[in-house]
Amino acid sequence: MINRVLLRIKILQTVYAFYKSEGTSVSLAEKELFYSIEKAYELYFHLLNLIVEVTHFAENKLDARMNKLRPTEEDLNPNRRFVQNKVVGIIQKNQQIQDFLIQSKISWANNQDVVKDVYDLITTSEFYQNYMNAETADFKMDKDIWRQVFKKIVLNNEDIYYAVEEQSVFWIDCLDVIVSFVIKTIKNFEEGETQQTVLPMFKDEEDEDFAIRLLQNTLKNEQFHRELIDKHTRNWEFDRIAYMDILIMQIALYDLGENKSYYVTQ
């Protein structure tokens, strides 16, 4: 799941922290990198669970309307299409997702205001009205409405960004990317398949090895990289280059020249 774009972002953050923390070893930096990656994977499950939480909120709203003192005909016989969405059922019954949520102890319990916010934005949207008012709704429509929720609401909701940042500093910088993985997962859902495999943390072992190599060798070849930058930067003194730009170039230099004989790899 964690693609190389996100890996490079995480490596840049780790390299920055390495230089800012005196006494940090390369092995400790590697542990911090993988912790950061694990937290990004945690966010993936947390956002999938948001679908369930919003649906539970919607169900409670319907129940409250049915049990009020003088319910209307609409209150007693509501349109239940949204709360019966089959995507929700798949997530609730998927053992891999539920086991991960229990093990990681993440939930939206302390952010019900965000859940309500998302629900309100959904129910006032045009795509929700179209979904609810359609003569029939198939599984494709069930998937499409949640893909639109993440594209049009989750990615544009400041409260979600604040809630995510509050729960983990490792989440906020990768929210956009993780949302794209959630959308991909929803697209891949198949009707009736409750135990289908969700995206793995790494696409394959090569991506995991790539992350280790890029981090380790960026740090080990710091002097060589900086001499190259200084040598080939014209009309611009090295000391005047923004610190973050230097780090980006260090990472890029090894990334582009990997396996060259002049690199220190041990």
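Predicted, not measured: the structure shown is a model, and the values here were computed from it.
Contact of the Phe181 side chain with the Asn3 side chain is registered, since non-hydrogen atoms from C-beta on lie closer than 4.5 Å. With contacts defined as side-chain heavy-atom distances shorter than 4.5 Å, the pair Phe210/Arg8 qualifies. The closest side-chain heavy-atom distance from Leu155 to Phe150 is not below 4.5 Å. At least one side-chain heavy atom of Leu43 sits under 4.5 Å from a side-chain heavy atom of Leu175. Residues Asp207 and Ile2 form no side-chain contact, since every pair of their non-hydrogen atoms from C-beta on lies 4.5 Å or further apart. For the pair Val154 and Leu50, the minimum side-chain heavy-atom distance is below 4.5 Å. Side chains of Tyr41 and Ile37 form no contact here, defined as non-hydrogen atoms less than 4.5 Å apart. At least one side-chain heavy atom of Ile183 sits under 4.5 Å from a side-chain heavy atom of Val179.
With hydrogens and angles ignored, the 3.5 Å screen pairs no side-chain donor or acceptor of Asp117 with any backbone N or O of Asp159. Between the Asn221 side chain and the Asn217 main chain, a donor and an acceptor come within less than 3.5 Å of each other. Put simply, the side chain of Gln112 gets close to the backbone of Trp108: a donor and an acceptor are under 3.5 Å apart. The backbone N or O of Glu32 lies less than 3.5 Å from no partner atom in the side chain of Ser36, so there is not a single donor-acceptor pair. Looking at Asn157, its side chain never comes within 3.5 Å of a backbone N or O of Ile153 through a donor-acceptor pair. Judged by distance alone, with hydrogens and angles left aside, the side-chain atoms of Asp255 form no donor-acceptor pair with the main-chain N or O of Ile251 at under 3.5 Å.
Remark: Tyr35 OH is loosely packed, at most 12 non-hydrogen atoms of other residues, nucleotides or ligands lying under 6.0 Å away. Around atom CD of Glu206, more than 12 heavy atoms belonging to other residues, nucleotides or ligands sit under 6.0 Å away. The 12-atom threshold is exceeded at CD of Gln195, counting heavy atoms of other residues, nucleotides or ligands nearer than 6.0 Å. Applying the 6.0 Å contact sphere to CG of Asn110 captures no more than 12 heavy atoms from other residues, nucleotides or ligands. Few gaps surround NZ on Lys68; more than 12 heavy atoms of other groups in view lie less than 6.0 Å from it.
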Practice task
Walk me through it: do Glu193 and Ile90 pass the test side-chain contact (heavy atoms from CB on, under 4.5 Å)?
Solution key: CA-CA 7 Å; Glu193 291 292 330; Ile90 288 175; over 6 Å; no
Practice task
With side-chain contact (heavy atoms from CB on, under 4.5 Å) as the test, would you mind laying out the steps for Leu219 and Tyr19 before giving the verdict?
Solution key: CA-CA 9 Å; Leu219 297 176; Tyr19 290 130; 3.9 Å; yes
Exercise for the section: I would like to know whether Lys86 and Phe189 meet side-chain contact (heavy atoms from CB on, under 4.5 Å); could you show each step before the answer? Expected result: CA-CA 10 Å; Lys86 293 178 182 177; Phe189 279 160; over 6 Å; no
Handout entry: Trace of the side-chain contact (heavy atoms from CB on, under 4.5 Å) decision for Ile160 with Val164
Key = CA-CA 6 Å; Ile160 290 180; Val164 163; 4.1 Å; yes
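Scanning both residues, Asp173 and Val169, for their nearest heavy atoms gives OD1-O, 3.9 Å. The minimum heavy-atom distance linking Ala29 with Thr24 is given by the pair N-CG2, 4.2 Å. Contact record, Pro71 with Arg65: CB-O, 3.7 Å, taken as the closest heavy-atom pair. Here the shortest heavy-atom pairing between Glu191 and Phe139 reads N-CE2, 3.2 Å. Closest of all the heavy-atom pairs between Gln98 and Ile91 is NE2-O, 2.8 Å. Pro78 and Leu62 get closest at one heavy-atom pair: CB-CD2, 3.8 Å.
Hydrophobic cluster membership is shared by Ile212 and Phe18, with clusters built from Ile, Leu, Val, Met, Phe, Trp and Tyr side chains linked at under 4.5 angstrom. Linking ILVMFWY residues whenever their side-chain heavy atoms come closer than 4.5 Å, directly or via other members, places Tyr16 and Leu7 in the same cluster. Under the 4.5 Å side-chain heavy-atom criterion for Ile, Leu, Val, Met, Phe, Trp and Tyr, Ile102 and Phe45 are members of distinct hydrophobic clusters. When hydrophobic clusters are built by joining Ile, Leu, Val, Met, Phe, Trp and Tyr residues whose side-chain heavy atoms come closer than 4.5 Å, directly or via intermediates, Ile178 is not grouped with Tyr162. A continuous path of ILVMFWY side-chain contacts below 4.5 Å connects Val26 to Leu215, so both sit in one hydrophobic cluster.
We find that Asp142 and Arg81 are not joined by a salt bridge, their nearest charged nitrogen and carboxylate oxygen being 4.0 Å or further apart. Under a 4.0 Å N-O distance rule, the pair Lys116/Glu53 does not qualify as a salt bridge.
Aromatic pair Phe127/Tyr131: ring centres not closer than 6.0 Å. A centroid separation of less than 6.0 Å is found between the aromatic rings of Phe82 and Trp146.
With hydrogens and angles left out, the side-chain atoms of Asn111 and Gln167 include a donor and acceptor closer than 3.5 Å. A side-chain N or O of Thr72 and one of Asp75 form a donor-acceptor pair less than 3.5 Å apart. Side-chain atoms of Asp99 and Gln103 form no donor-acceptor pair, as typed in the model, at a separation below 3.5 Å.
Note that OG1 of Thr194 is 7.0 Å distant from CG of Asn94, once rounded to the nearest 0.5 Å. Going from atom CD1 of Ile186 over to atom CG of Leu47 covers 9.5 Å, rounded to the nearest 0.5 Å. Taken to the nearest 0.5 Å, the CD atom of Glu158 stands 9.5 Å off from the OH atom of Tyr161. For the atom pair SG of Cys174 and NZ of Lys39, the computed distance is 10.5 Å after rounding to the nearest 0.5 Å. To the nearest 0.5 angstrom, Glu38 atom CD is 10.5 Å from Phe170 atom CZ. In this structure, CG on Leu121 lies 13.0 Å from OH on Tyr128, to the nearest 0.5 angstrom.
Phe238 does not carry Arg226 over the face of its six-membered ring by the limits of under 6.0 Å from the centre and within 45° of the normal. Annotation: cation-pi pair Arg234/Trp236 absent, no NZ/CZ under 6.0 Å from the ring centroid and within 45° of its normal.
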Side-chain donor-acceptor pairs under 3.5 Å in residues 54-61, sequence neighbours left out?
| residue | atom | partner | partner atom | Å |
| --- | --- | --- | --- | --- |
| Thr55 | OG1 | Ile51 | O | 2.8 |
| His56 | NE2 | Gln92 | NE2 | 3.1 |
| Asn60 | ND2 | His56 | O | 3.3 |

